[in-house]
Amino acid sequence: MTKPLRLGIAGLGTVGTGVVKIVRRHADLLTARTGRKIEITAVSARDRAKDRGVSLRGYGWEDDPVALATRDDVDIFVELMGGPDGPAKAATEAAIAAGKDVVTANKAMLAMHGQALAELAENAGQSIRYEAAVAGGIPVIKALTEGLAGNEITRVMGVMNGTCNYILTRMESSGLPYDDVFREADALGYLEADPNLDVGGIDAGHKLALLSSIAFGTRPDFAGIEIEGIQRVTIDDIRQAADMGYRIKLLGVAQRTARGLEQRMQPCLVPADSPLGQLEGGTNMVVIEGDSIEQVVLRGPGAGEGPTASAVMGDVCDLARGLRLPVFGQPADSLDAAPSAIAGLPAPYYLRMALQDKPGALAKIAAILGDAGVSIDRMRQYGHSESAAPVLIVTHKTTRAALDKALEAMQSTDVMASTPVALRIETV
Ligand code: NAP
Ligand code: HSE
């Protein structure tokens, strides 16, 4: 048997302790599958005294993750600290310079610095693997990079933030408003330390940037993603969407168009009976469309100790077996710097607004939409109070540019009682 593969793990939080548990629990299984013994030689975290609910006996300890990354008895540096910069990036760079491969779950670091890190690693002949960074336990990086490599990918989309999907589905099942369910999610420990990473769509945007790069052979471009969070989605939006046969999801969509790479992460309406529409709670789903496969749907747990550690160990096993692939599926220096394009393809939209309850208000809004070339498919007015009438409009397919023109014109009338909300209805 070849010599053992030695891991140095930086970060012993949710994911790191999960990895330690799998290495200890499945030592024989991992050896049988990879032909090598996989062992942990040393670990690092901030607080050496903390009880982590798992034995660290027999492992070396480093206070400094860079020191861990460069130890002679470490073959793979497993980065599980998080954060786009700081110690995670410094230790990743140090590991590559010291001739180590890197396995990480850090989507923020790769979305922001993936191109530079991939070039660094590939020039040094090292690998960076990051299955756990996107959709937790779902092997979507592997699916795109390997299993679907014979396809021209036409679209990648998905629900990639479990916390947002929990909040949106819980709002629907409980009838509770956003603020109440947000507090519930907080109490359950679902939210990131900075909740805006979740509800602001940033965490999911990081993940989409990585999938786009592999799917379309482009440099990871987080800055090019149109991002909108779920904070403005109301319980009324959810009820009315359901009434019309839709569910609201924080949906990431990436596609390459003649104008460039279109990437958006925003609340969208999807048909309630579609796989995405039926996705409940903290589960993730990624839908990949390609010229030969048409559509592949991957569904599974997007976060948590077990699923994320499972993905980390999948990467470790690949490296143990000698599988070495470019970080984004093709050499980093061949990735295209495609221009980012804002969503240009026409789609139907859901519009919610409150109008002053006075004669001619609705007619004014209808005229503005008509003038902008936006055609109305369905319209409802319901449950109005003394002063305001909530109105719901579903448009036929239109461009976002035409819709924005209409929304701007509406704002300058004297009939709006609130800022209108516009959500894209995605064809899935
Ligand atoms: P976590 O529970 O907050 O754990 C972070 C760990 O990093 C802690 O053990 C912490 O040490 C250690 N750490 C932080 N700064 C350090 C430093 N300067 N030097 C040494 N150690 C340091 O985080 P997590 O949830 O496991 O997430 C880890 C990574 O996985 C992140 O990139 C995250 O985005 C990604 N991820 C997480 C999940 C998930 O479900 N949790 C899912 C997918 C991806 P102390 O314990 O001593 O404070
Ligand atoms: N905050 C993330 C989520 C964790 O809710 O999906 C997994 O990346």
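One-based numbering along the sequence shown.
With a 4.5 Å cut-off on side-chain heavy atoms, Gln255 and Arg264 count as touching. Under the 4.5 Å side-chain criterion, counting only non-hydrogen atoms from C-beta, Leu362 is in contact with Met379. Leu191 places a side-chain heavy atom less than 4.5 Å from the side chain of Phe182. Side-chain contact between Arg170 and Ile167: absent, with no pair of heavy atoms (C-beta onward) separated by less than 4.5 Å. Between Leu168 and Ile238 there is a side-chain heavy-atom pair separated by less than 4.5 Å. For the pair Lys107 and Leu210, the minimum side-chain heavy-atom distance is below 4.5 Å. Proximity of Met353 to Met416: side-chain heavy atoms (C-beta onward) are separated by under 4.5 Å at one or more points. Within the 4.5 Å cutoff, side-chain heavy atoms of Thr399 are placed close to those of Pro346.
Distance alone, capped at 3.5 Å, is enough to place a donor-acceptor pair between the Asn151 side chain and the Ser292 backbone. The backbone N or O of Ser334 lies less than 3.5 Å from a partner atom in the side chain of Gln330, making a donor-acceptor pair. Side chain of Asp51 to main chain of Gly53: a donor-acceptor pair is present (N/O by atom type, distance under 3.5 Å, no hydrogens or angles). Remark: the backbone N or O of Glu305 is not paired with any side-chain donor or acceptor of Thr14 at under 3.5 angstrom. Arg24 places a side-chain N or O within 3.5 Å of a backbone atom of Ser55 that can act as its donor or acceptor partner. Under the 3.5 Å distance criterion, the side-chain polar atoms of Gln263 are matched with a main-chain donor or acceptor of Asp221. Side-chain N or O atoms of Thr163 include none that pairs as donor or acceptor with a backbone N or O of Asp198 at under 3.5 Å. With hydrogens and angles disregarded, a donor-acceptor distance shorter than 3.5 Å links the side chain of Asn106 to the backbone of Gly83.
Just one of Glu131, Arg129, Glu79 meets the side-chain contact (heavy atoms from CB on, under 4.5 Å) condition when paired with Thr104; it is Glu79. The residue from Val297, Val428, Val287 that alone fulfils the side-chain contact (heavy atoms from CB on, under 4.5 Å) condition with Pro275 is Val297.
Residues Ala118 and Ala332 come closest through the heavy atom pair CB-CB, 3.7 Å. Across Ser212 and Leu261, no two heavy atoms sit closer than the pair CB-CD2, 4.3 Å. Looking at every heavy atom in both residues, Ala309 comes nearest to Val15 through CB-O, 4.1 Å. Here the closest heavy-atom approach between residue Lys249 and residue Val159 is recorded as CB-CG2, 4.0 Å. Across all their heavy atoms, Gln278 and Ala272 have their closest contact at CG-O, 3.4 Å. Among all heavy-atom pairs drawn from Gly162 and Asn284, the shortest one is N-ND2, 3.5 Å.
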For Asp75 and Asp101, what are the C-alpha separation, side-chain angles and deciding distance, and is it a side chain to side chain contact (heavy atoms under 4.5 Å, CB included)? CA-CA 7 Å; Asp75 300 312; Asp101 293 318; over 6 Å; no
Check step by step if side chain to side chain contact (heavy atoms under 4.5 Å, CB included) holds for Thr145 and Leu325. CA-CA 9 Å; Thr145 319; Leu325 296 168; 4.2 Å; yes
Would you sort out whether Asp315 and Lys142 count as a salt bridge (Lys or Arg N to Asp or Glu O under 4.0 Å), showing the intermediate values? CA-CA 9 Å; Asp315 283 341; Lys142 202 167 180 63; over 6 Å; no
Asp333 and Arg219: salt bridge (Lys or Arg N to Asp or Glu O under 4.0 Å), yes or no, with the steps? CA-CA 9 Å; Asp333 61 11; Arg219 294 166 168 241; over 6 Å; no
Step by step, work out the side chain to side chain contact (heavy atoms under 4.5 Å, CB included) result for Gln126 and Val102. CA-CA 8 Å; Gln126 303 308 136; Val102 175; over 6 Å; no
Please report the C-alpha distance between Arg155 and Glu426 in whole Å, then the side-chain angles of each, then the deciding distance to 0.1 Å, and finally whether the salt bridge (Lys or Arg N to Asp or Glu O under 4.0 Å) criterion is met. CA-CA 12 Å; Arg155 185 166 66 156; Glu426 197 66 45; 3.3 Å; yes
Could you walk me through whether Tyr166 and Glu184 satisfy the side-chain hydrogen bond (donor to acceptor under 3.5 Å, both in side chains) test, starting with their C-alpha distance in whole Å, then the side-chain angles of each, then the deciding distance to 0.1 Å, before giving a yes or no? CA-CA 10 Å; Tyr166 168 81; Glu184 252 184 36; 3.0 Å; yes
Begin from the C-alpha positions of Leu269 and Arg247 and carry the test side chain to side chain contact (heavy atoms under 4.5 Å, CB included) through to its verdict. CA-CA 5 Å; Leu269 273 67; Arg247 291 240 157 79; over 6 Å; no
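The OG1 atom of Thr395 sits 6.5 Å away from the CD1 atom of Ile425 when rounded to the nearest 0.5 Å. Separating the CG atom in Leu251 from the CG atom in Asn161 is a distance of 12.5 Å, to the nearest 0.5 Å. Here Ile365 contributes atom CD1 and Ile393 contributes atom CD1; the two are 7.0 Å apart, rounded to the nearest 0.5 Å. In this structure, CG in Leu12 is found 8.5 Å from CG in Leu80, a value given to the nearest 0.5 Å. Taken to the nearest 0.5 Å, the CZ atom of Arg380 stands 15.0 Å off from the CZ atom of Arg352. Put simply, CG on Asp179 and CD1 on Ile235 are 12.0 Å apart, with the number rounded to the nearest 0.5 Å.
Between Lys364 and Asp414, at least one side-chain nitrogen of the basic residue sits less than 4.0 Å from a carboxylate oxygen of the acidic one, meeting the salt-bridge criterion. At a threshold of 4.0 Å, the pair Arg239-Asp243 does not count as salt-bridged, since none of the basic side-chain nitrogens sits closer than that to a carboxylate oxygen. Ion pairing between Arg33 and Asp28 fails under the 4.0 Å rule for side-chain N and carboxylate O. A salt bridge links Asp404 to Arg400: one of the charged nitrogens lies within less than 4.0 Å of a carboxylate oxygen. Ion pairing of Asp318 with Arg321 is present here, as a side-chain N (NZ or NE/NH1/NH2) and a carboxylate O approach within less than 4.0 Å.
The side chain to side chain contact (heavy atoms under 4.5 Å, CB included) search around Arg46 returns none, not counting sequence neighbours.
Around atom CD of Glu408, no more than 12 heavy atoms belonging to other residues, nucleotides or ligands sit under 6.0 Å away. For Glu152, the CD atom is loosely surrounded, since the number of other residues' heavy atoms within 6.0 Å does not exceed 12. Crowding of Lys21 atom NZ: a count of heavy atoms from other residues, nucleotides or ligands under 6.0 Å exceeding 12. Lys358 NZ: more than 12 foreign heavy atoms inside a 6.0 Å radius.
The aromatic rings of Phe328 and Tyr130 are tilted relative to each other, their planes meeting at an angle between 30° and 60°.
In summary, the side chains of Asp237 and Tyr350 do present a donor paired with an acceptor at a separation below 3.5 Å, with no hydrogens or angles considered. A donor and an acceptor atom, one from each side chain of Glu280 and Asn165, are nowhere located under 3.5 Å apart.
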